[in-house]
There are 2 protein chains.
Amino acid sequence: MEASVILKMNACRVTQHRLDVLNYFMQSKIALTQGDLEDKFKNKIDRVSLYRMLHSFSEKKILCKLVDSKGTLSYVFDKHSLDNKDHFHPHYKCKSCNDVIELPELPESYMKQLKKLNIDELNILVEGTCDECQNKNE
Amino acid sequence: MEASVILKMNACRVTQHRLDVLNYFMQSKIALTQGDLEDKFKNKIDRVSLYRMLHSFSEKKILCKLVDSKGTLSYVFDKHSLDNKDHFHPHYKCKSCNDVIELPELPESYMKQLKKLNIDELNILVEGTCDECQNKNE
DNA sequence: TTACTTATGCAACATTGTTGCGTTTATTTT
DNA sequence: AAAATAAACGCAACAATGTTGCATAAGTAA
């Protein structure tokens, strides 16, 4: 799916900056922070524009927002951004390479319990060092 | 359990500041941020000292660190700080009053799956508006 | 093309995180 | 009880990030 199509489907204006940013996310396996983008688009896109893009993209679920144990926000392209917007996946993020993988959904029985509460946000992030990085450091 | 005892058991020096902060946590039902403490102890305890206390207390599991969906860190006194340091509870935090309740542990079958990965941190925070706050606004 | 709306860049400021260092204080050792 | 040791503290300073307002530029619709 092309970046411009995704933007249009989400009622976003299609600008060069947005295409650049979204394409960058689409080809990146790892979770990116605002800082990563600032480096990548240094002297090209303003810090505040990036900040606002990240907000609107994650609000529209084009990107998935992750919060790690230090409170750092990072974002990954959400492959499910087009279809099923409501389903929920926990994520695993490698502390070393920032690679993100999707984990299986929580058991339905457990989710049922949770849904008795009024839920706006459900944040699950598992952090550790992935096998690949573990092997590198041995 | 008294605050001073908890500090001693965790190899922390017992100072007045630490007693004040820990006692404040022990009598608070809600999750507190660094900012909350800065207000509470304005002109009494330095910002950096609070920052360092929060770090060492949560490292020693005297406090439990929560990260919300905006990346804001908050802390609650961990009732289990003395016994069972390894067990893990997800938390529910009310976005309105910051009240925190413990949720049941994840099903063991699911945890088993997770433990195949190298896990350092497991962050689960459910956010929403608690019943009490919901009723207030009606 | 014009009108309308959204996105952008810039400035400015708030909040929080973080480190170093000299001083003070709690604890341990003598 | 006094001296030695190690930890905690306050202050200064700076980095990173979050946040808003506003004027300008650019995309989209009529």
Side-chain angles (χ1 to χ4, degrees), chain A residues 2-25 31-60 62-63 65-75 95 98 121, chain B residues 2-25 31-60 62-63 65-75 95 98 121:
Chain A
E2 259 190 60
S4 63
V5 178
I6 294 176
L7 290 175
K8 276 179 194 151
M9 287 183 67
N10 283 282
C12 288
R13 295 231 164 136
V14 179
T15 67
Q16 196 55 53
H17 285 171
R18 289 177 161 205
L19 289 174
D20 292 345
V21 170
L22 186 48
N23 277 316
Y24 188 53
F25 268 107
L32 300 167
T33 64
Q34 159 119 14
D36 294 335
L37 294 175
E38 285 177 24
D39 292 344
K40 169 70 186 174
F41 296 103
K42 199 153 203 142
N43 305 322
K44 301 229 172 56
I45 306 182
D46 188 76
R47 201 170 70 81
V48 178
S49 298
L50 291 171
Y51 167 78
R52 291 197 255 235
M53 268 189 235
L54 291 175
H55 271 248
S56 73
F57 287 0
S58 69
E59 194 164 309
K60 287 167 177 161
I62 298 172
L63 298 179
K65 178 169 77 172
L66 305 180
V67 190
D68 72 15
S69 57
K70 301 183 73 173
T72 304
L73 301 174
S74 59
Y75 303 84
K95 279 185 165 178
N98 290 328
E121 316 246 12
Chain B
E2 259 190 60
S4 64
V5 179
I6 295 177
L7 290 175
K8 277 179 193 150
M9 287 182 67
N10 284 282
C12 289
R13 296 236 163 132
V14 180
T15 67
Q16 196 56 53
H17 284 173
R18 288 176 163 208
L19 288 173
D20 293 346
V21 170
L22 185 48
N23 276 316
Y24 188 53
F25 268 107
L32 301 167
T33 64
Q34 157 121 13
D36 294 336
L37 295 175
E38 286 176 22
D39 292 344
K40 168 69 185 174
F41 296 104
K42 199 154 205 144
N43 303 323
K44 300 226 172 55
I45 306 182
D46 188 77
R47 203 170 69 81
V48 177
S49 299
L50 291 170
Y51 167 77
R52 291 197 254 234
M53 266 188 238
L54 292 175
H55 271 247
S56 73
F57 287 0
S58 70
E59 195 164 306
K60 288 166 176 162
I62 299 171
L63 299 178
K65 179 169 78 173
L66 305 179
V67 190
D68 73 14
S69 58
K70 299 182 74 173
T72 305
L73 300 176
S74 59
Y75 303 84
K95 279 185 166 178
N98 289 327
E121 318 245 10

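Every chain is numbered from 1 and lettered A, B, ... according to where its sequence line falls, protein lines coming before strand lines. Keep in mind that what you see is a predicted model, and the values were worked out from it rather than measured.
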Under-4.0 Å side-chain N/O to phosphate OP1/OP2 contact, [X] with [N]:
| X | N | result |
| --- | --- | --- |
| B/His17 | D/dG10 | yes |
| B/Arg18 | D/dA8 | yes |
| A/Tyr51 | D/dT19 | yes |

Look at the side chain of [X] and decide which nucleotide, out of [options], has an atom nearest to it.
| X | options | result |
| --- | --- | --- |
| A/Thr15 | D/dG10, C/dG17, C/dA7 | C/dA7 |
| B/Lys70 | D/dT19, C/dT18, C/dT27 | D/dT19 |
| A/Ser49 | C/dT8, C/dG20, C/dA11 | C/dT8 |
| A/Arg47 | D/dT17, D/dG10, D/dA8 | D/dT17 |
| B/Met53 | D/dC9, D/dT19, C/dT8 | D/dC9 |
| A/Asp46 | D/dT19, C/dA26, C/dG9 | C/dG9 |
| A/Gln34 | D/dG18, D/dC9, D/dG27 | D/dG18 |

At under 4.0 Å between heavy atoms, what does A/Lys44 touch on the DNA or RNA strands: base, sugar-phosphate, or nothing? sugar-phosphate

Minimum heavy-atom distance [X]-[Y], with the two atoms named:
| X | Y | value |
| --- | --- | --- |
| B/Ser69 | A/Val67 | O-CG2, 3.7 Å |
| B/His17 | B/Lys44 | NE2-O, 3.6 Å |
| A/Thr33 | A/Ser74 | CG2-CB, 4.0 Å |
| A/Met53 | A/Ile45 | CE-CG2, 4.1 Å |

Taking for each residue the nucleotide of DNA chain C with the nearest heavy atom, is it B/Glu38 or B/Lys8 whose nucleotide lies nearer the 5' end?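 Its nearest nucleotide being more 5', the pick is B/Glu38.
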
Heavy-atom nearest nucleotide on DNA chain C for B/Val14 versus B/Leu73: which residue maps closer to 5'? B/Leu73

What's the [atom1]-[atom2] distance between [X] and [N], to the nearest Å?
| X | N | atom1 | atom2 | answer |
| --- | --- | --- | --- | --- |
| A/Glu59 | D/dG18 | CD | C1' | 16 Å |
| B/Asn43 | D/dC11 | CG | C1' | 14 Å |
| B/Leu32 | C/dT16 | CG | C1' | 16 Å |
| A/Gln16 | C/dG9 | CD | P | 12 Å |
| B/Leu7 | D/dC9 | CG | P | 10 Å |
| B/Leu54 | D/dC9 | CG | P | 12 Å |
| A/Leu37 | D/dT17 | CG | P | 11 Å |
| B/Asp36 | C/dT15 | CG | P | 13 Å |

Tell me if the side-chain of A/Arg52 makes a donor-acceptor pair with the base of D/dG18, cut-off 3.5 Å, by modelled atom types.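 Result: no qualifying N/O pair found.
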
Could one point to a donor on the side chain of A/Arg13 or the base of C/dT5 with an acceptor on the other under 3.5 Å away? yes

Distance from B/Leu7 atom CG to B/Phe57 atom CZ, nearest 0.5 Å?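 Between atom CG of B/Leu7 and atom CZ of B/Phe57 there are 5.0 Å.
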
Starting at NZ of A/Lys70, measure out to NZ of B/Lys65 and round the result to the nearest 0.5 Å. 8.0 Å

Could you say whether B/Cys12 or B/Val48 is positioned toward the 5' end of DNA chain D, judged by the nucleotide with the nearest heavy atom to each?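 The residue whose closest nucleotide sits nearer the 5' end is B/Cys12.
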
